[in-house]
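All ligand and atom numbering here is 1-based and tracks the order in the structure. The model shown is predicted, which means the values in this text are computed figures rather than measured ones. Basis for what follows: all heavy atoms, side chains included, without hydrogens, waters or symmetry-related copies. All residue numbers refer to positions in the sequence shown, counting from 1.
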Amino acid sequence: MGSTLGACGDVNRNVMSPPAPYTNRPEYAIAEKVANDIADLLAPQSGAYYDVWLDGEKFFAHEMQKENPEVTAARNDNSHGTNFEGSPEPIYGDLFLPRKFKVAVTVPGDNSVDLFTNDVGVVVITNEAGELQGYNILAGGGLGRSHGKSNTFPRLADPIGYVPKEDLFAALKAIVACQRDYGRRDDRKQARLKYLVNEWGVDRFRSVVEQYYGKKFESFKPLPQWNFLDYLGWMDQGDGNFAYGIYMQNGRVKGEAKKALRNVIERYELPVVITPNQNLILRNIKPSWKDDILSTLKAAGVKDLAEWDGIESLSMACPALPLCGLAIAEAERGLPDVNARLRVMMNKVGLDSSEDFVVRMTGCPNGCARPYTAELGFVGDGPNSYQIWLGGCRDATRLAESYAERVKLKDFESFFEPIFAAFKEQRRGSERFGDFCARVGFGKLREFQAAAAPAVAVESNGNGAAAAVVAKQPAAAVTAVSVAKDVYEALKAEATKQGKSESSLATEAIKKFLGM
Ligand code: HEM
Ligand code: SF4
């Protein structure tokens with residue numbers, strides 16, 4: 001039930017909840033219902049969309065009918081001055097919001113929705129019996145920024161507080177009304193809620209929201225650690241049926257694969273869920289259907305999770321070129337090749353093929369594929385050129401930071417290999433790439449690169465006839481210099497004697513000879 005209603009408008013956008021297929025986890029059903037209710041609560045009330053696009057009133061009437069009456073009552077309630085009395089748009093009035101507004105709902109521990117990147121995050125809190133008690137509320141997240149404007153930045157949402165279940169809609173309206181009345185309208189690049197929260201600080205923001213809410217927030221309930229769940233592969237729904245999450249490379253499906261998907265969906269009347277990572281989940285699959293579904297999909301080239309490289313199946317790109325008018329670099333079309341190159345680099349430095357990390361790429365700094373919460377984010381900053389963001393984490397609870405700018409696509413090998421090599425050598429235990437970058441810090445990462453950049457590597461070609469001195473330029477130009485085998489052997493022996501690497505001794509010798 002994703003909705004394009006108000007898409008691109010300065011209103012609340014589509015509301016996300018986890019795509020979890022489990023029937024025995026009541027909190028997920030609550031999250032889904034609440035997401036729908038919030039979408040209704042904050043939907044623009046004008047029927048114009050339906051008049052223009054859906055040929056009239058029937059659909060509109062149907063939509064209105066199915067709205068939860070509590071939502072209608074909450075929208076109309078003006079006990080704390082949140083509404084424009086008598087307006088057809090009680091929450092938005094004539095002016096709507098300063099900018100787009102995004103809400104995600106989830107359950108404790110499940111960060112499949114990238115909760116902290118939303119203007120408002122809602123976490124369902126249940127008791128031990130699984131009964132709804134209330135909600136933790138976060139606010140002030142958002143990712144979009146502009147190159148060269150340091151007053152634009154990605155920001156993670158902050159905890160605001162807890163509200164009992166009957167107060168959720170009032171609390172949400174209060175946040176929306178606060179942003180409506182205080183969010184900046186003079187500069188669209190400063191208009192998102194995150195800038196208001198940032199400027200005021202959480203305490204002031206909370207106290208202004210409380211005036212519209214008419215109550216104080218209770219203290220934020222303690223939560224377990226967040227996990228990024230991708231919902232790929234086979235999942236036991238808990239009701240005897242299975243769900244099957246299929247990785248859709250950058251959200252695209254076409255040709256035979258599309259036909260096969262359509263076939264199995266129609267044949268078994270399967271509900272389909274789109275995940276926040278642009279993938280698909282087929283639900284309600286009876287065990288006896290599994291083989292047919294798998295073989296139909298396989299015959300059409302739809303790969304199972306196990307057949308994808310881990311880097312690929314965790315990664316995500318935005319539409320970018322040629323689809324998005326704001327793109328300045330490739331993303332959706334470029335990422336698969338970059339992922340493959342990253343894997344080759346990782347193999348080269350000896351990282352295991354099971355090693356993965358979250359890679360995301362966008363064609364401009366607006367951040368639609370959420371690169372700023374990835375372990376490795378590519379943000380287009382020119383044709384075939386990217387800003388590199390490092391230090392985010394798999395669970396999307398920490399922001400990455402901008403590490404380098406205008407790194408050319410063709411130079412990725414010389415750029416990343418020294419970092420991967422250092423990661424391989426210096427990681428702690430099974431430390432992940434994003435955590436490693438955050439722990440050692442950008443200064444160290446730059447040292448690794450500097451040590452390797454002008455490096456001269458000496459490689460034997462293995463057949464004993466000759467050996468090569470390979471000079472690696474920072475710009476990835478690789479120059480090979482052949483030397484006779486006896487020269488190489490002498491170099492090797494001398495390097496061992498002096499306790500130096502062959503590369504550094506060769507560099508030293510060549511520099512000395514050339515008077516450098
Ligand atoms: C193709 C045309 C698209 C355009 C022109 C576009 C435009 C934008 C802009 C201008 C921003 C920055 C907003 C700000 O900082 O205030 C943004 C952010 C974002 N967009 Fe898109 N977008 C497009 C497609 C998509 C798609 C297909 C998705 C997901 C399905 C998406 C998801 C997001 C997300 C997650 C963010 C970052 C979070 C945030 O700050 O709101 N966008 N987009
Ligand atoms: S991040 Fe991608 S989709 Fe979003 S505006 Fe930029 S190029 Fe377009």
Side-chain angles (χ1 to χ4, degrees), residues 2-4 6-17 19 96-104 111-121 138-147 149-157 179 183-198 228 248-253 273-280 315-335 358 360-374 377-387 389 392 396 399-400:
S3 170
T4 55
C8 279
D10 292 332
V11 289
N12 181 55
R13 303 277 178 96
N14 188 34
V15 180
M16 281 203 294
S17 69
F96 284 71
L97 296 179
R99 193 73 179 84
K100 61 164 79 164
F101 197 85
K102 301 182 180 179
V103 183
N111 198 21
S112 57
V113 297
D114 229 338
L115 188 74
F116 297 90
T117 64
N118 285 270
D119 293 78
V120 174
L138 302 96
L143 298 182
R145 46 177 283 279
S146 305
H147 285 313
K149 288 201 172 114
S150 59
N151 64 345
T152 65
F153 44 82
R155 186 178 192 282
L156 297 186
Q179 159 69 351
R184 278 180 63 173
R185 289 178 185 264
D186 59 329
D187 181 353
R188 286 185 70 74
K189 294 213 175 287
Q190 293 292 315
R192 289 290 290 276
L193 178 70
K194 65 179 174 180
Y195 296 112
L196 184 66
V197 176
N198 195 61
F228 167 75
M248 292 281 130
Q249 194 172 45
N250 298 323
R252 292 277 153 195
V253 54
V273 179
I274 301 176
T275 81
N277 254 30
Q278 310 181 345
N279 301 318
L280 290 184
S315 73
M316 184 159 60
C318 76
L321 298 170
L323 302 160
C324 173
L326 306 180
I328 44 183
E330 294 283 354
E332 185 180 281
R333 296 190 304 194
L335 184 58
V358 178
R360 294 177 178 169
M361 179 180 273
T362 57
C364 89
N366 285 323
C368 298
R370 310 194 298 269
Y372 309 117
T373 48
F378 294 98
V379 177
D381 62 1
N384 296 318
S385 160
Y386 295 86
Q387 248 183 5
W389 287 65
L399 272 185

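Of all the atoms in ligand 2, the ones that sit under 4.0 Å from a non-hydrogen atom of A327 are 7 (S). Taking every non-hydrogen atom of L326 and a distance limit under 4.0 Å, the qualifying atoms of ligand 2 come out as 5 (S). Contact atoms of ligand 2 toward G363: 2 (Fe), 7 (S) (distance under 4.0 Å to a heavy atom of the residue). Counting atoms of ligand 1 from 1 in the listed order, those under 4.0 Å from a heavy atom of R192 are 13 (C), 14 (C), 15 (O), 16 (O), 39 (C), 40 (O), 41 (O). Interface of T362 with ligand 2, defined as ligand atoms under 4.0 Å from a residue heavy atom, comprises 1 (S). Near G367, meaning under 4.0 Å from any of its heavy atoms, are these atoms of ligand 2: 1 (S). Against a heavy-atom cut-off of under 4.0 Å, G142 is close to the following atoms of ligand 1: 40 (O).
At distances below 3.5 Å, not a single donor-acceptor pair connects side-chain atoms of N118 with backbone N or O atoms of V120. A donor-acceptor pair under 3.5 Å links the side-chain atoms of K194 to the main chain of F153, judged by distance alone. Put simply, the side chain of T362 never gets that close to the backbone of C318: no donor and acceptor are under 3.5 Å apart. Using a distance-only test at 3.5 Å, with no hydrogens or angles considered, a donor-acceptor pair links the side chain of Y372 to the main chain of P365. Looking at H147, its side chain never comes within 3.5 Å of a backbone N or O of C364 through a donor-acceptor pair. A side-chain donor-acceptor contact under 3.5 Å links N250 to the backbone of E332.
Protein heavy atom closest to atom 8 (Fe) of ligand 2, with residue, atom name and distance, is C324 SG, 2.3 Å. The protein atom (non-hydrogen) at minimum distance from atom 37 (C) of ligand 1 is G367 O, 3.4 Å. Ranking the protein heavy atoms by distance from atom 5 (S) of ligand 2 puts N366 ND2, 3.3 Å first. Of all protein heavy atoms, the one closest to atom 15 (O) of ligand 1 is G144 CA, 3.0 Å. Nearest protein neighbour of atom 2 (Fe) of ligand 2, counting heavy atoms only, is C318 SG, 2.2 Å. For atom 3 (S) of ligand 2, the nearest protein heavy atom (residue, atom name, distance) is P319 CD, 3.5 Å.
For ligand 1, the polar-atom distance check finds an N/O of K102 within less than 3.5 Å of one of the ligand's N/O atoms. The shortest N/O to N/O separation between C368 and ligand 1 does not fall below 3.5 Å. Taking only nitrogen or oxygen atoms, main chain and side chain alike, P319 does not reach within less than 3.5 Å of ligand 1.
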Give the intermediate values and the outcome of side-chain contact (heavy atoms from CB on, under 4.5 Å) for residues L399 and T373. CA-CA 5 Å; L399 272 185; T373 48; 4.2 Å; yes
Could you walk me through whether D10 and R188 pass the side-chain contact (heavy atoms from CB on, under 4.5 Å) test, one step at a time? CA-CA 10 Å; D10 292 332; R188 286 185 70 74; 3.0 Å; yes
Would R360 and D114 count as a salt bridge (charged side-chain N to carboxylate O under 4.0 Å, His left out) if you check the C-alpha gap in whole Å, the side-chain angles of each, and the deciding distance to 0.1 Å? CA-CA 13 Å; R360 294 177 178 169; D114 229 338; 3.1 Å; yes
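For atom 21 (Fe) of ligand 1, the N/O/S atoms of C318 include none lying under 2.8 Å. Residue C368 counts as close to atom 4 (Fe) of ligand 2, with an N, O or S atom under 2.8 Å. For atom 8 (Fe) of ligand 2, the N/O/S atoms of C364 include none lying under 2.8 Å.
When heavy-atom distances to ligand 1 are checked against a 4.0 Å cut-off, K100 comes that close only through its side chain, counted from C-beta outward. Residue-level proximity to ligand 1 for R188 is absent, since no heavy atom of it falls below 4.0 angstrom. By the criterion of a heavy-atom distance under 4.0 Å, the side chain of R99, and not its backbone, is placed next to ligand 1.
Salt-bridge formation is not detected for the pair D119/R99: no Lys NZ or Arg NE/NH1/NH2 atom is positioned less than 4.0 Å from an Asp or Glu carboxylate oxygen. Ion pair D186/R184 flagged as a salt bridge, since at least one NZ, NE, NH1 or NH2 atom sits closer than 4.0 Å to an Asp/Glu carboxylate oxygen.
L326 counts as a contact of ligand 1, since one of its heavy atoms falls under 4.0 Å from the ligand.
For N151, the CG atom sits in a packed shell: over 12 heavy atoms of surrounding residues, nucleotides or ligands are nearer than 6.0 Å. Applying the 6.0 Å contact sphere to CG of L323 captures more than 12 heavy atoms from other residues, nucleotides or ligands.
Residues E330 and F378 are not in side-chain contact: their nearest non-hydrogen atoms beyond the backbone lie 4.5 Å or more apart.
Remark: among candidates L323, N366, L143, the nearest residue to atom 18 (C) of ligand 1 is N366, based on non-hydrogen atoms. Considering P98, A191, C324 only, the shortest heavy-atom separation from atom 1 (C) of ligand 1 involves C324.
Protein non-hydrogen atoms do not reach within 4.0 Å of atom 29 (C) of ligand 1.
When all heavy atoms of A400 and A374 are compared, the pair lying nearest together is CB-O, 3.7 Å.
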